[in-house]
**Student:** 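This is the structure I want to talk about, given as structure tokens.
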Amino acid sequence: MKVNEIMANLEAKHPGENEYLQAVREVLETVEEEYNKHPEYEAAKIVERLVEPDRIFKFRVVWVDDKGQTQVNLGYRVQYNAALGAYKGGLRFHPKVNESMLKFLGFEQIFKNSLTMLPLGGGKGGADFDPVGKSDAEIMRFCQAFVYELWRNIGPDQDSPAGDVGVGGREIGYMYGMYKKLAREHSTGALTGKSYGWGGSLIRPEATGFGAMYYVKHMVEEKGDTMQGKKITLSGFGNVAWGAATKAVELGAKVVAISGPDGVCEIPDGITKEMIDYMLVMRASNRNKVQDMADKFPGQCKFTAGKKSWSVKCDIACPSAFQNELAEEDAKQLIANGVKYVAEISNMGSQPGAIKAIQAAGIPFGPGKAVNAGGVATSGLEICQNAEHRNWTAEEVDKNLHAIMDNIYAQCVKYGRKADGTIDYVKGANLAGFMRVADAMVAQGII
Ligand code: GLU
């Protein structure tokens, strides 16, 4: 494999699909050396096959808003790779959703799911629907219209979507309800992130954030350090940031900033339980404004419009909202402010220049596909529970999640340890995830 040749071909074939091209380049650059030691990969054209999804469904979603007006959106499902299991990955509802975004997310999902060691293929989907300002009834009608198109192509052994940005428990509930009505069967494993009581798993809502903090704790301990008193900055205030804040506080750390599209909310004394609970209220309001936190807790929080979390001094920075949210200049500011660790909880949260700057400064950098894998891992555990018609206790789920994250960390160290003893977590995660998929594809023949 020659990365530059492959990338030139992809750029010609998929011009302007910048996020997709960025995600592919990063993986290929980190696996190139090892790949070229495996003639069986080259013979089976593993890379050429892996970079293109198995298929993409693209469909119109039509629904009626509260004023009785007809609305038209675009929906997608990218079924990327099924070498390890049925397609698995979230749905993103956001006005900026397009094919490039979902292809990058689906591509990342293949390796993330592989790292969990669970039998999960990779996929992603969503729509350019903007949940901000929508009523609950509008969200329900949109979710129903979306599933009306997609339902034949999902199922526990085919493709199992879940949540992502803009899709949480409420949306999954509406989608599962419609799926069940159309399919005329209670195939709970067709969607994950369901509520507890009708197929959902305990700890699934918290899982991405909990898993991320288990991984971060390893990064910190690798340096002979502890989580106690560490100042953490998060971005966003959605499900991921909520779970991460909960676990960070439990581990003795202090969350000193969260953010929103409107600005940053600084919390100098650290986030409290009441504030963490209020994050859920803010999400349910569909207002998407972090200023609401500062208004609710005046004196404890300080809101600054237009600023990002990365302007706040911290020990550990965790992008946890959207792709490319950490730019090179943000990374430089974090470094200047003495950041000790950076761990992405969002998918591809950092721009390539930011990762380079952080790594060049000798600061450990954890990539999203390893750090945030606890979410999809717990979706995998939800499917296990659905298949055995049983609910595990919260302790059982958390124990499994913890063990999966420990193993992901160990794989990253194994494949990412450099000659000087430091760890390139990006290379470790990509290589460990990639090898398992490549070996499965070779074993399953040219299909
Ligand atoms: N959207 C999440 C992710 O990026 C979860 C996917 C899932 O649970 O299927 O991994």
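As the structure lists them, so they are numbered: ligands from 1, and atoms in each ligand from 1.
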**Student:** Taking ring-ring contact (aromatic ring centres under 6.0 Å, His included) as the definition, give me every residue that meets it alongside Y41, ordered by chain and number, with sequence neighbours left out.
**Tutor:**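 Result, ring-ring contact (aromatic ring centres under 6.0 Å, His included) vs Y41: Y35, H38.
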**Student:** May I ask you to identify, for E108, whether its side chain, its backbone, both or neither come under 4.0 Å of ligand 1 on a heavy-atom basis?
**Tutor:**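 Neither part.
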**Student:** Quick one: side chain to side chain donor-acceptor pair (under 3.5 Å) partners of Q144, sequence neighbours excluded?
**Tutor:**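 Expected list: none.
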**Student:** Could you identify the single nearest non-hydrogen protein atom to atom 3 (C) of ligand 1 and state the distance to 0.1 Å?
**Tutor:**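 Answer, as residue, atom name and distance: K112 NZ, 3.3 Å.
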**Student:** Could you tell me whether the side chain of N347 reaches within less than 4.5 Å of the side chain of F104, counting heavy atoms only?
**Tutor:**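 They are in side-chain contact.
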**Student:** R204: heavy atom below 4.0 Å from ligand 1, yes or no?
**Tutor:**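 Yes, R204 has heavy atoms under 4.0 Å from ligand 1.
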**Student:** Check N347 against ligand 1 and report side chain, backbone, both or neither, counting heavy atoms closer than 4.0 Å.
**Tutor:**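 Only the side chain of N347 comes within reach of ligand 1.
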**Student:** Atom 9 (O) of ligand 1: which protein heavy atom is closest, and how many Å away?
**Tutor:**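 Of the protein heavy atoms, K88 NZ, 2.8 Å lies nearest.
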**Student:** Do I383 and K88 have side chains that get closer than 4.5 Å, going by heavy atoms?
**Tutor:**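 The answer is yes, as the side chains (C-beta and beyond) meet within the 4.5 Å cut-off.
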**Student:** Based purely on interatomic distance, does S160 place a nitrogen or oxygen under 3.5 Å from a nitrogen or oxygen of ligand 1?
**Tutor:**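 Not met; the criterion fails.
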**Student:** In terms of residue, atom name and distance, what is the protein heavy atom nearest to atom 8 (O) of ligand 1?
**Tutor:**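 Scanning the protein heavy atoms, the shortest distance from atom 8 (O) of ligand 1 goes to S379 OG, 2.5 Å.
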**Student:** Within the structure, does A162 bring an N/O atom to less than 3.5 angstrom of an N/O atom in ligand 1?
**Tutor:**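 No, since none of the N or O atoms of A162 sits under 3.5 Å from an N or O of ligand 1.
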**Student:** Answer side chain, backbone, both or neither: which part of K369 comes under 4.0 Å from ligand 1, heavy atoms only.
**Tutor:**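 Contact part for K369 vs ligand 1: neither.
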**Student:** Indicate yes or no: at least one non-hydrogen side-chain atom of W310 is less than 4.5 angstrom from one of E329.
**Tutor:**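 They are not in side-chain contact.
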**Student:** Identify, for atom 6 (C) of ligand 1, the protein heavy atom at the shortest distance, and state residue, atom and that distance.
**Tutor:**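 Sorting protein heavy atoms by distance from atom 6 (C) of ligand 1 puts G90 N, 3.5 Å first.
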